[in-house]
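What follows is a single structure, written as structure tokens, with notes after it.
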Amino acid sequence: MIVWYSSCTVSERKDLHRVVKVAGRIIGTDLPSLDSVYTSRLKKKASSISRDTTHPGHCLFDLLPSGKRYTAIRTKTNRLRNSFFPRAVVSTTPPQHIRVDLRRLGSALEPGPSRGFFLTQGSFSSPLLPLACSSTMGPHHHLAISFGNSLITPTEDARSLGVILDGQLSFSAHTANLTRSCRFLLYNIRRIPTFLSQEATQLLVQSLVISRLDYCNLLLAGLPLWAIRALQLVQNAAARLIFNLPKFTHVTPLLHSLHWLPVVKRIRFKTLMLAFKAKTGPAPPYLMAMVKSRSVPRAL
């Protein structure tokens, strides 16, 4: 679409808009206009090419001396002017590179209400540095840090040790990804029930699904119940699968027979266990240093 839409005539665009309206009436919802779809896809593709130094069209994105815009491609005909690269260069805004010393990065951060970002370098997906930016900058603010010959750009989420972190620490992307992977595993286990005994099914579910629900679930402590409801539904489906029961079977007796705590109580149990270890000694030293016994200044 980004190749041919800009070259369409006015009558051709009207015909295309008419098709979109008819399709929206058929499915009973309003579809986005072709102009908005074309603009968003054009900017997304142009931004990808401008960042990819190996792309053949990367050389066409030449910065002006001010560094705020790209140099427009000279064209003599409307057909060339409406083609992809001239339109992409004009519609794309280059990211503003901020060169700072990482040792003095704290002085470059703005105070006040903040929005979390995780800096990533290239395709490296682990967060290199959490960056708190002013909430007025918005999630799509162009910010980058030049570190040597590398350019570090911010992203709204990052993966670290298998956990997807986001700026708001809502873990919505993590829970969605975890739910999707667990349901895929349950679906595959459900396809072979005749070849497995109940004990073998329980062993598979605990090793493949329940272990995923327990992994780093301490990070979900304090989240509202609706945020982790999807994980509880996965645990309920796993319990029904072990006993080969229908979808709407009551799961509380099943969890009791399996000696499984619900997801919320599993998170609370791990939190209390970690606090107990930090108080009594087996916890890591950096956690033990944070826990101090409360001393009363006067005798009670």
Query raised in the report: Which pairs count as ring-ring contact (aromatic ring centres under 6.0 Å, His included) when at least one residue sits in residues 196-232, sequence neighbours excluded?
Result: none
**Report entry** Taking every non-hydrogen atom, the tightest pair across Ser83 and Arg87
**Finding:** O-CG, 3.1 Å
Query raised in the report: Taking C-beta and beyond as the side chain, do Arg268 and Leu272 meet within less than 4.5 Å on heavy atoms?
Result: yes
Query raised in the report: Side-chain heavy atoms under 4.5 angstrom apart, residues restricted to Ile, Leu, Val, Met, Phe, Trp, Tyr: same cluster for Leu213 and Leu161?
Result: yes
Requested in this report: Measure the shortest side-chain to side-chain distance between Arg240 and Pro246 over non-hydrogen atoms and say whether it is less than 4.5 angstrom.
Outcome: no
Query raised in the report: Between atom NZ of Lys21 and atom OG of Ser33, what is the distance when rounded to the nearest 0.5 Å?
Result: 10.0 Å
Query - Full working for side-chain contact (heavy atoms from CB on, under 4.5 Å) between Gln232 and Gln235 - result: CA-CA 5 Å; Gln232 183 60 56; Gln235 188 188 45; 3.0 Å; yes
Query - Verdict with supporting geometry, Ile164 and Phe171, side-chain contact (heavy atoms from CB on, under 4.5 Å) - result: CA-CA 7 Å; Ile164 302 177; Phe171 294 97; over 6 Å; no
Query raised in the report: Would Leu233 end up clustered with Ile210 when hydrophobic side chains under 4.5 Å apart are linked, directly or stepwise?
Result: no
Report task. Check whether the side chains of Gln202 and Glu199 place a donor and an acceptor atom closer than 3.5 Å, and report yes or no. Result -> no
Query raised in the report: Do side-chain atoms of Thr249 reach the backbone of Leu245 as a donor and acceptor pair under 3.5 angstrom?
Result: no
Query raised in the report: Taking C-beta and beyond as the side chain, do Asn188 and Arg191 meet within less than 4.5 Å on heavy atoms?
Result: yes
Report task. State, to 0.1 Å, how close Leu31 and Gly24 come at their nearest heavy-atom pair, and which atoms those are. Result -> CD1-N, 3.8 Å
Query raised in the report: Which distance, rounded to the nearest 0.5 Å, do you find between the CG of Leu231 and the SG of Cys182?
Result: 7.5 Å
Report summary line: When every non-hydrogen atom of Ser207 is compared with those of Leu204, the smallest separation belongs to OG-O, 3.1 Å
Query raised in the report: Just by distance, do the side chain of Lys270 and the backbone of Cys216 share a donor-acceptor pair under 3.5 Å?
Result: no
Query raised in the report: Within the side chain of Ser47, is there an N or O that forms a donor-acceptor pair under 3.5 Å with the backbone of Lys44?
Result: no
Query raised in the report: If you group Ile, Leu, Val, Met, Phe, Trp and Tyr by side-chain heavy-atom gaps below 4.5 Å, do Leu218 and Leu223 land in one group?
Result: no
Query raised in the report: Does the side chain of Asn217 come within less than 4.5 Å of Arg266's, by heavy atoms?
Result: yes
Requested in this report: Please round to the nearest 0.5 Å and tell me the distance separating atom CZ of Arg183 and atom CZ of Arg190.
Outcome: 9.5 Å
Report task. Hey, could you give me the CG/CG distance between Leu169 and Leu219, rounded to the nearest 0.5 Å? Result -> 9.0 Å
Report task. Check Val234 against Leu186 and note the closest heavy-atom contact, atom names and distance. Result -> O-CD1, 3.9 Å
Query raised in the report: Does the Glu12 side chain pair with the main chain of Thr9, one donor and one acceptor, at a distance under 3.5 Å?
Result: yes
Query raised in the report: Does a sphere of radius 6.0 Å around NZ in Lys45 hold more than 12 heavy atoms from other residues, nucleotides or ligands, not counting ones at 6.0 Å or beyond?
Result: no
Query raised in the report: Looking at Ala230 and Thr179, what are the two nearest heavy atoms and their distance?
Result: CB-OG1, 3.6 Å
Requested in this report: Please report the closest heavy-atom contact between Ile267 and Thr271, naming both atoms and the distance.
Outcome: O-OG1, 2.8 Å
**Report entry** Close side-chain approach of Arg212 and Leu185, heavy atoms under 4.5 Å
**Finding:** yes
Report task. Find out if a path of hydrophobic residues (ILVMFWY) with successive side-chain heavy-atom gaps under 4.5 Å connects Met288 to Phe276. Result -> no
**Report entry** Side chain to side chain, Phe269 and Leu274, heavy atoms closer than 4.5 Å
**Finding:** no
Report task. Could you go through the side-chain contact (heavy atoms from CB on, under 4.5 Å) check for Phe243 and Leu258 one step at a time? Result -> CA-CA 10 Å; Phe243 293 98; Leu258 292 171; 3.7 Å; yes
Report task. Scan side-chain atoms only and decide if Thr39 and Ser36 contain a donor-acceptor pair under the 3.5 Å cut-off. Result -> no
Query raised in the report: Do the rings of His17 and Tyr5 sit parallel, tilted or perpendicular, given the 30° and 60° boundaries?
Result: perpendicular
Query - Verify same cluster id: Ile192, Leu208 (apolar side-chain graph, 4.5 Å) - result: yes
Query raised in the report: What distance separates Ser170 OG from Leu220 CG, expressed to the nearest 0.5 Å?
Result: 10.5 Å
Report task. Given side-chain contact (heavy atoms from CB on, under 4.5 Å), test Arg229 with Leu225 step by step and report yes or no. Result -> CA-CA 6 Å; Arg229 174 175 170 76; Leu225 294 179; over 6 Å; no
Query raised in the report: Looking at side-chain heavy atoms only, is the closest gap between Val291 and Leu287 below 4.5 Å?
Result: no
Requested in this report: Nearest 0.5 Å please: distance from the CD1 atom of Ile242 over to the CG atom of Leu254.
Outcome: 9.0 Å
**Report entry** Sub-4.5 Å side-chain heavy-atom contact between Asp35 and Tyr38
**Finding:** no
